2 protein chains.
Amino acid sequence: MARVGITAERLTRAAADLADEIGFQNVTVSALARGFGVKPAALYAHIKDVQDLRIRVAVLALAELADRAAAALAGRDGKDALVAFANAYRDYAKEHPGRYAATQVELEMVDTGAGIRHSEMTRALLRGYDLPEPDQTDAVRMLHSTFHGYVSLERVGGFRRHPREVEASWSRTLDALDAVLRNWPPA
Amino acid sequence: MARVGITAERLTRAAADLADEIGFQNVTVSALARGFGVKPAALYAHIKDVQDLRIRVAVLALAELADRAAAALAGRDGKDALVAFANAYRDYAKEHPGRYAATQVELEMVDTGAGIRHSEMTRALLRGYDLPEPDQTDAVRMLHSTFHGYVSLERVGGFRRHPREVEASWSRTLDALDAVLRNWPPA
DNA sequence: TAGTCGTCCCTAATAGCATTAGGCAACTAA
DNA sequence: TTAGTTGCCTAATGCTATTAGGGACGACTA
């Protein structure tokens, strides 16, 4: 039949787009094949299996997220950097819910450096707060947790019970994080 | 054949146990039926479909989590309450990863009050910090985000790159949260 | 005690998904 | 032009969810 010109990269990008549309969990080899107008079996020449596909999407998303974070951080420090980073993170998750969900797959198989870059990025964010180790590591973990947790709960509808604007709470949460970083408690 | 005495409640509990063993995503009607020694079709007399089953597990888990939190909070306030609550939350997630994962299903269909109780619990945690509204709501959201984010990233292996003990970072994160609650930044 | 009825589980069927094996045709290079 | 590789196909297996209809068991009833 018609040769469509499928590559692993095109599949990964298409899978990522599909994830954003219909949800990461619903990304299926069959659905992906339909999008390319080919039979499911055709894709196995390019990907190992569904798990492989999911991991490729995760790596793609982590790279994109790191790019956004790096751009947001450029030329800023202190609270400016914190807010820019946090908003880049949250905006990415909102624009690309499927891609973001992909980043939460078991990362055991992903440590191709995609996560490392992410971690270094968060660390760079702490420029201007002047935290010694190991407090820096603790702060990085706390920040990452808070960002991920907020985005995750927001997406799943965890904040819908109270009238208080989710935006306002986000902003105040960043204020609080800034405050605690500037005044990190002694061990 | 043999009447096994299946009820929706027994199914839900079994599904929750199964989720803890093999992962929430792998809880299937077929696997659940196997556990009871019956055919998959038999379960449809008790549950509507898989989605229904998942939601029941989510409601169960949210109730159990709220129970733990309430017990942890009893008779405490201030940092004691914060630490007890946070540890109860995290311990539950570690002991029951499948149940915990269930709580993250789209909560749209779950608002049977299970989530509301959870939210009130977190609010009760703030006794002793004396925060006025709307700061209290913001703080509740921040705390919940941090707890969920930490547990979630820990489970998925997000903290494995640095040698720093995950326990130590958790403890310091709680210190930081206590500090920021005692000294909540002005708007 | 015998009959009736509803509940519970079964079999059978349809349909979607993942995955592998083997075939054929199209593009590529000698 | 021909040989070979590559890309997509068909076919098959086995898992999953879900619905429809049947039979047996247990409980109530006369």
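Here is how names work: the chains are called A, B, and so on, in the same order as the sequence lines, proteins then strands, and each is numbered from 1. Keep in mind it's a predicted model, so treat the numbers as computed, not measured.
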Taking [X] first and then [Y], would you say they form a salt bridge - that is, a charged N and a carboxylate O separated by under 4.0 Å?
X: B/Asp91; Y: B/Arg68; result: no
X: A/Arg90; Y: A/Glu95; result: no
X: A/Arg141; Y: B/Glu154; result: no
X: A/Lys79; Y: A/Asp175; result: yes

Inter-end axis angle, the helix from C/dT1-D/dA30 to C/dA30-D/dT1, with every axis fitted to five base pairs (rounded, 10 degrees) = 0°

Spacing of [X] atom [atom1] relative to [N] atom [atom2], expressed in whole Å:
X: B/Leu11; N: D/dA17; atom1: CG; atom2: P; answer: 13 Å
X: B/Ile47; N: D/dT16; atom1: CD1; atom2: C1'; answer: 13 Å
X: B/Leu43; N: D/dT18; atom1: CG; atom2: P; answer: 11 Å
X: A/Lys39; N: C/dT19; atom1: NZ; atom2: C1'; answer: 16 Å
X: B/Arg54; N: D/dA17; atom1: CZ; atom2: C1'; answer: 11 Å
X: A/Phe36; N: D/dC9; atom1: CZ; atom2: C1'; answer: 17 Å
X: B/Gln51; N: D/dT18; atom1: CD; atom2: P; answer: 9 Å
X: B/Tyr44; N: C/dA13; atom1: OH; atom2: P; answer: 19 Å

Whether [X] contacts [N] is assessed here as follows: a side-chain N or O lying under 4.0 Å from the phosphate OP1 or OP2. Is that the case?
X: B/His46; N: C/dC9; result: yes
X: B/Thr28; N: D/dA17; result: yes
X: B/Ser30; N: D/dA17; result: yes

task = State yes or no: are the ring centers of A/Tyr100 and A/His96 separated by less than 6.0 Å?
result = no

[X] side chain, from C-beta outward: closest of [options]:
X: B/Ala42; options: D/dA17, C/dC9, C/dT19; result: C/dC9
X: A/Pro40; options: C/dT19, C/dA18, C/dC9; result: C/dT19
X: A/Ile6; options: C/dC17, D/dC8, D/dT18; result: D/dC8

Which residue lies more 5' along DNA chain C, comparing A/Arg34 with A/Ala41 via nearest heavy atoms = A/Arg34

query = Within a radius of less than 6.0 Å around NZ of B/Lys39, do more than 12 heavy atoms belonging to other residues, nucleotides or ligands occur?
reply = no

key: side chain to side chain contact (heavy atoms under 4.5 Å, CB included) between B/Phe159 and B/Tyr150, worked out   = CA-CA 9 Å; B/Phe159 294 150; B/Tyr150 201 96; 3.7 Å; yes

